[in-house]
Participant: 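Got a structure here, written out as structure tokens. Questions coming.
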Amino acid sequence: MAKRALIITWLALLALTLLMWFLRGYRGADWLVFVVLVLIAIKGQLVIDRFMELRHAPVLWRVALSGWLFIVLGVVGIVRATSGA
Amino acid sequence: MTLSDQALLAHDPESRTLPGDIAIWLFILTELVVFGLLFVGLEVGWRSAPQTFAQGARTLHVAAGFANTLVLITGSFLVASAVRSIRQGYIRACVLLLLGGMATGGIFALIKIAEYQTLIDAGYRLGTSIFYSFYFLATAFHLLHVLIAMLALLIVAVRCLFGAYGAANPTGIETAASFWHMVDLVWIVLFPLLYILP
């Protein structure tokens, strides 16, 4: 991957992590779960696409790993949404 | 675009290749499934005892968890840079970047062990509650993978130093790198599930 693209990916991941750091105080808020899951999804997809380079790999592999990410996060989201807590 | 970036693109995009050995990708898929089941188990556990989980999560060191996230992300950056280097034929840069990646793994491990020590000193054990069972189990299992990834980086770094890899055959480096990125990916999901969401 191009040098600049690598640095941008790294900085984006750091920034998204920092964003989550600032949100940590909102524990208990209804919307926090959704926001956190979205942040995880973005970060995870960045690692899959850019660091793992699956963006340029056979499509099936990108689908497999992205699928894993979204299934896991989806299950978490459903468990949280249906818990009534 | 620099000359070196042109060389990089010549290696890659139209050909649609998987970076590293196919075997590591099958292993990566396997491990992701295992961790995925662990995550689902964790959430089911939370559902059965949300108060226990909430209380437990509050005793964790969120700052340490965040620091560890930044550390692994930086490790991935260094490792990805190492792959870029070897594809351009820069042996020494590749070795240094791989060792840098290894170092971030070491930092992660030290922070994690310090966390464990603090929790254990405060009286929290594997069996203290369902939350701590998940916490210690999941993070220890992940830590094991960090150590394995570090070993993989070390092995390919040493081999690289002795000329095993180059622009024409970067596969070994890519293989180790791919495994490292998986470890980073898992933590990106695991950390918020344990430290923030409950």
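Each chain gets a letter, A, B and so on, in the order its sequence line appears, and its residues count up from 1.
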Participant: In terms of ring plane angle, is the pair A:W10 and B:F77 parallel, tilted or perpendicular, where the classes change at 30° and 60°?
Facilitator: parallel
Participant: What part of B:V79 gets closer than 4.5 Å to chain A, counting heavy atoms only: side chain, backbone, both or neither?
Facilitator: neither
Participant: So which atom in B:A80 and which in A:L6 form the shortest heavy-atom distance, rounded to 0.1 Å?
Facilitator: CB-CD2, 3.5 Å
Participant: So how far is it from B:I188 CD1 to A:L69 CG, rounded to the nearest 0.5 Å?
Facilitator: 9.0 Å
Participant: If I measure from the heavy atoms of chain A, does B:A63 come under 4.5 Å with its side chain, its backbone, both, or neither?
Facilitator: both
Participant: Quick one: pull up NZ in A:K3 and CZ in B:R84 and give me the separation to the nearest 0.5 Å.
Facilitator: 6.5 Å
Participant: Which donor-acceptor pairs under 3.5 Å do side chains of residues 133-157 of chain B form with protein atoms, sequence neighbours excluded?
Facilitator:
{"from": "B:S133", "atom 1": "OG", "to": "B:L126", "atom 2": "O", "distance (Å)": "2.7"}
{"from": "B:S133", "atom 1": "OG", "to": "B:S129", "atom 2": "O", "distance (Å)": "3.2"}
{"from": "B:Y135", "atom 1": "OH", "to": "B:K112", "atom 2": "NZ", "distance (Å)": "3.3"}
{"from": "B:Y135", "atom 1": "OH", "to": "B:E115", "atom 2": "OE2", "distance (Å)": "3.1"}
{"from": "B:Y135", "atom 1": "OH", "to": "B:Y195", "atom 2": "OH", "distance (Å)": "3.4"}
{"from": "B:T139", "atom 1": "OG1", "to": "B:Y116", "atom 2": "OH", "distance (Å)": "2.6"}
{"from": "B:T139", "atom 1": "OG1", "to": "B:Y135", "atom 2": "O", "distance (Å)": "2.6"}
{"from": "B:H142", "atom 1": "NE2", "to": "B:V183", "atom 2": "O", "distance (Å)": "3.0"}
{"from": "B:H145", "atom 1": "ND1", "to": "B:F141", "atom 2": "O", "distance (Å)": "2.7"}
{"from": "B:H145", "atom 1": "NE2", "to": "B:E31", "atom 2": "OE1", "distance (Å)": "2.2"}

Participant: Rounded to the nearest 0.5 Å, what separates atom CH2 in A:W68 from atom CG in B:L29?
Facilitator: 10.5 Å
Participant: Need one label for A:I48: side chain, backbone, both or neither, based on atoms under 4.5 Å from any heavy atom in chain B.
Facilitator: side chain
Participant: Using every non-hydrogen atom in the two residues, find where B:V62 and A:R24 come nearest and quote the distance to one decimal.
Facilitator: CG1-CD, 4.1 Å
Participant: Could you note down all residue pairs passing salt bridge (charged side-chain N to carboxylate O under 4.0 Å, His left out) where residues 185-198 of chain B supplies at least one of them, sequence neighbours left out?
Facilitator: none
Participant: Kindly compute the distance separating CZ (A:R50) from NE2 (B:H181), expressed to the nearest 0.5 Å.
Facilitator: 13.5 Å
Participant: Using 0.5 Å steps for rounding, measure from the OG atom of B:S178 to the CH2 atom of A:W61.
Facilitator: 10.5 Å
Participant: Does any backbone or side-chain atom of A:R55 lie under 4.5 Å from a heavy atom of chain B? Answer side chain, backbone, both or neither.
Facilitator: backbone
Participant: What's the separation between atom CG in B:D184 and atom NZ in A:K43, rounded to the nearest 0.5 Å?
Facilitator: 8.5 Å
Participant: Could you have a look at B:L37, B:L197, B:L70, B:L42 and say which one has the most heavy-atom pairs with chain A under 4.5 angstrom?
Facilitator: B:L197
Participant: Between B:W180 and chain A, which part of the residue has a heavy atom less than 4.5 Å away: side chain, backbone, both or neither?
Facilitator: neither
Participant: Could you check A:L46, A:L13, A:L11, A:L16 and say which one makes a side-chain contact (heavy atoms from CB on, under 4.5 Å) with B:I73?
Facilitator: A:L13
Participant: Contact part of A:V36 toward chain B, heavy-atom cut-off under 4.5 Å: side chain, backbone, both or neither?
Facilitator: side chain
Participant: Other residues, nucleotides and ligands only: do more than 12 of their heavy atoms fall within 6.0 Å of CZ on B:R47?
Facilitator: yes
Participant: Please tell me whether A:L37 and A:I42 are part of a single hydrophobic cluster in this structure, the criterion being side-chain heavy atoms less than 4.5 Å apart.
Facilitator: yes
Participant: Using a 4.5 Å cut-off on heavy atoms from C-beta on, say whether the side chain of A:V76 contacts that of B:V40.
Facilitator: no
Participant: Can you name the nearest heavy-atom pair linking B:V83 to A:E53, along with the distance?
Facilitator: CG1-OE1, 4.4 Å
Participant: Applying side-chain contact (heavy atoms from CB on, under 4.5 Å) to B:W25 and A:M52, what does each step give before you reach the verdict?
Facilitator: CA-CA 10 Å; B:W25 283 99; A:M52 286 178 157; 4.0 Å; yes
Participant: Which region of B:L78, side chain (C-beta onward) or backbone (N, CA, C, O), has a non-hydrogen atom less than 4.5 Å from a non-hydrogen atom of chain A, or is it both or neither?
Facilitator: neither
Participant: Which one, B:A57, B:P19, B:S76, leads in non-hydrogen pairs under 4.5 Å with chain A?
Facilitator: B:S76
Participant: In a check of side-chain contact (heavy atoms from CB on, under 4.5 Å) between B:I196 and each of A:L23, A:I40, A:L32, which one passes?
Facilitator: A:L32
Participant: Which of these, B:L185, B:L72, B:V186, sits in a side-chain contact (heavy atoms from CB on, under 4.5 Å) with A:V47?
Facilitator: B:L185
